[in-house]
Amino acid sequence: MSLAIYGIPASRAVRPLWAATELGLDFVHVPTPFQGGATRTPEFLARNPNGHIPVVVDQRPPEQGGEVVVWESMACALYIARHHGQPDGTGITPANAREDAEALRWSFWAVNECEADALTVLMHRMVMPAERRRPELATAAEKRLAVALRVIERHLQRQQERGESHLAADRFTVADLCVASVLNWARVARSLMAKHPLTHDWIVRCTERPAHLAAKALGKA
């Protein structure tokens with residue numbers, strides 16, 4: 001059985017790379033940039049007809065389905081946690097139905113409620129050349145994000161009250177991985193983070209994990 005992950009860390013592919021690294025899996029990283037046509041070759045499009053990274057290719061025994069191909073970054077991370085981790089309550093894999101539900105709902109929440117605005121903030125506050133940035137777009141995105149961050153701030157407060165330090169449990173799980181990978185883009189909005197201190201602290205704790213740092217460094221000399 002072998003696992004291959006196509007993509008680069010400086011993209012949404014960091015999610016499955018991070019998940020596989022958290023689990024200590026022996027996987028193959030196939031560096032595939034999203035620019036330059038690498039995702040438009042016939043070979044790549046046969047794996048993901050959308051022409052996007054990441055793609056996970058899992059070679060399993062025939063009785064387990066044979067070759068499994070997964071795309072969409074959140075689906076990739078959730079798949080890896082579910083099918084390559086152990087639900088023993090110690091790692092990122094959900095250990096019960098409640099943890100599984102939290103991982104699913106918060107991952108979909110991050111994509112639907114936060115990702116576009118968080119990326120807008122990142123691009124127009126930091127990444128794009130100064131002459132191309134449109135601060136008004138970042139400001140509008142931050143206002144929308146404030147609504148979503150109030151939701152997760154309240155959840156983290158309730159989690160603290162029940163003695164749990166993360167989104168789904170009293171440990172880091174794939175739920176945290178998926179959501180932190182999105183909200184980390186918004187950390188450049190310092191005033192927004194200051195108004196949501198539990199969320200900011202949680203993002204920092206998640207993204208400073210050794211597995212995340214190692215996943216981000218993949219492919220670097």
Side-chain angles (χ1 to χ4, degrees), residues 1-96 99-100 102-104 106-108 110-111 115 166-169 171-182 184 206-221:
M1 187 162 62
S2 66
L3 185 71
I5 303 174
Y6 293 75
I8 56 173
S11 73
R12 292 173 176 86
V14 74
R15 295 163 188 167
L17 291 169
W18 185 2
T21 304
E22 284 282 355
L23 291 170
L25 301 181
D26 183 14
F27 65 94
V28 176
H29 174 218
V30 185
T32 310
F34 51 81
Q35 295 176 322
T39 63
R40 295 295 169 180
T41 66
E43 181 183 24
F44 188 86
L45 290 171
R47 296 188 176 96
N48 184 357
N50 300 291
H52 301 314
I53 53 173
V55 173
V56 168
V57 179
D58 191 9
Q59 300 290 350
R60 306 182 71 84
E63 64 273 15
Q64 296 182 15
E67 181 179 274
V68 177
V69 179
V70 189
W71 28 264
E72 294 300 324
S73 61
M74 294 297 190
C76 292
L78 292 165
Y79 172 88
I80 288 171
R82 178 175 291 183
H83 293 282
H84 286 271
Q86 295 297 321
D88 56 10
T90 64
I92 69 169
T93 302
N96 51 49
E99 291 182 10
D100 195 33
E102 296 285 12
L104 291 170
W106 284 109
S107 297
F108 283 103
V111 170
E115 188 172 57
H166 290 78
L167 288 182
R171 71 182 194 286
F172 178 85
T173 71
V174 70
D176 303 285
L177 185 157
C178 288
V179 182
S181 70
V182 173
N184 190 44
C206 292
T207 56
E208 288 185 352
R209 291 177 63 84
H212 181 243
L213 300 178
K216 287 177 63 179
L218 284 171
K220 296 182 179 179

Original post:
Could you go step by step and tell me if Q59 and V68 meet the side chain to side chain contact (heavy atoms under 4.5 Å, CB included) rule?
Top reply: CA-CA 6 Å; Q59 300 290 350; V68 177; over 6 Å; no
Subject >> Atom pair OH (Y6) and CG (N48), whose distance is rounded to the nearest 0.5 Å >> reply: 12.0 Å
Sequence neighbours excluded and cut-off under 3.5 Å, please list the side-chain donor-acceptor pairs for residues 13-22, or say none.
{"residue": "R15", "atom": "NE", "partner": "S181", "partner atom": "OG", "Å": "2.8"}
{"residue": "R15", "atom": "NH1", "partner": "S73", "partner atom": "OG", "Å": "2.8"}
{"residue": "R15", "atom": "NH1", "partner": "E115", "partner atom": "OE2", "Å": "3.0"}
{"residue": "R15", "atom": "NH2", "partner": "E115", "partner atom": "OE2", "Å": "2.8"}
{"residue": "W18", "atom": "NE1", "partner": "E22", "partner atom": "OE2", "Å": "3.0"}
{"residue": "T21", "atom": "OG1", "partner": "L17", "partner atom": "O", "Å": "2.7"}
{"residue": "E22", "atom": "OE1", "partner": "R209", "partner atom": "NH2", "Å": "3.0"}
{"residue": "E22", "atom": "OE2", "partner": "R209", "partner atom": "NE", "Å": "2.8"}

Subject >> Atom pair CD/CG of E102 and N96 - distance to nearest 0.5 Å >> reply: 9.5 Å
Original post:
Tell me the side chain to side chain donor-acceptor pair (under 3.5 Å) pairs involving residues 27-43, sequence neighbours left out?
Top reply: none
Original post:
So, for I53 and P33, which heavy atoms are closest and what is the spacing to 0.1 Å?
Top reply: CD1-C, 4.3 Å
**OP:** Supply the atom-to-atom distance M74 CE to W106 CH2, rounded to the nearest 0.5 angstrom.
**Re:** 12.5 Å
Subject >> Side-chain donor or acceptor of D176 paired with backbone N/O of T173 under 3.5 Å >> reply: yes
**OP:** State which residues pass side chain to side chain donor-acceptor pair (under 3.5 Å) with E208; sequence neighbours excluded, sorted by chain then number.
**Re:** none
Original post:
With no hydrogens and no angle check, is any side-chain donor or acceptor of S11 less than 3.5 Å from a backbone partner on I8?
Top reply: yes
**OP:** Given side chain to side chain contact (heavy atoms under 4.5 Å, CB included), test V56 with L3 step by step and report yes or no.
**Re:** CA-CA 7 Å; V56 168; L3 185 71; 3.5 Å; yes
Original post:
Just by distance, do the side chain of Q64 and the backbone of R60 share a donor-acceptor pair under 3.5 Å?
Top reply: no
Subject >> Results of side chain to side chain donor-acceptor pair (under 3.5 Å) for T207 - residues two or more places apart only >> reply: R187
Subject >> Stepwise side chain to side chain contact (heavy atoms under 4.5 Å, CB included) test for C206 and F172 >> reply: CA-CA 8 Å; C206 292; F172 178 85; 3.7 Å; yes
Subject >> Expected output: side-chain W71 to main-chain R47 donor-acceptor under 3.5 Å >> reply: yes
Original post:
Roughly how far apart are I80 CD1 and I92 CD1, rounded to 0.5 Å?
Top reply: 8.0 Å
**OP:** For side chain to side chain donor-acceptor pair (under 3.5 Å), just list the numbers for Y79 and D58, CA-CA rounded to whole Å, side-chain angles, deciding distance to a tenth of an Å, and then say yes or no.
**Re:** CA-CA 10 Å; Y79 172 88; D58 191 9; 2.6 Å; yes
Original post:
By ring pair (Phe, Tyr, Trp, His ring centres under 6.0 Å), which residues pair with F27, not counting sequence neighbours?
Top reply: none
Subject >> Set of residues satisfying ring pair (Phe, Tyr, Trp, His ring centres under 6.0 Å) with respect to H52, sequence neighbours excluded >> reply: none
Original post:
Distance-only, no hydrogens or angles: does the R171 side chain make a donor-acceptor pair with backbone N or O of G91 under 3.5 Å?
Top reply: yes
Original post:
How about L78 and V174: do any of their side-chain heavy atoms sit closer than 4.5 Å?
Top reply: yes
**OP:** Taking all heavy atoms of E99 and all of T93, pick out the closest pair and write down the distance.
**Re:** OE1-O, 4.2 Å
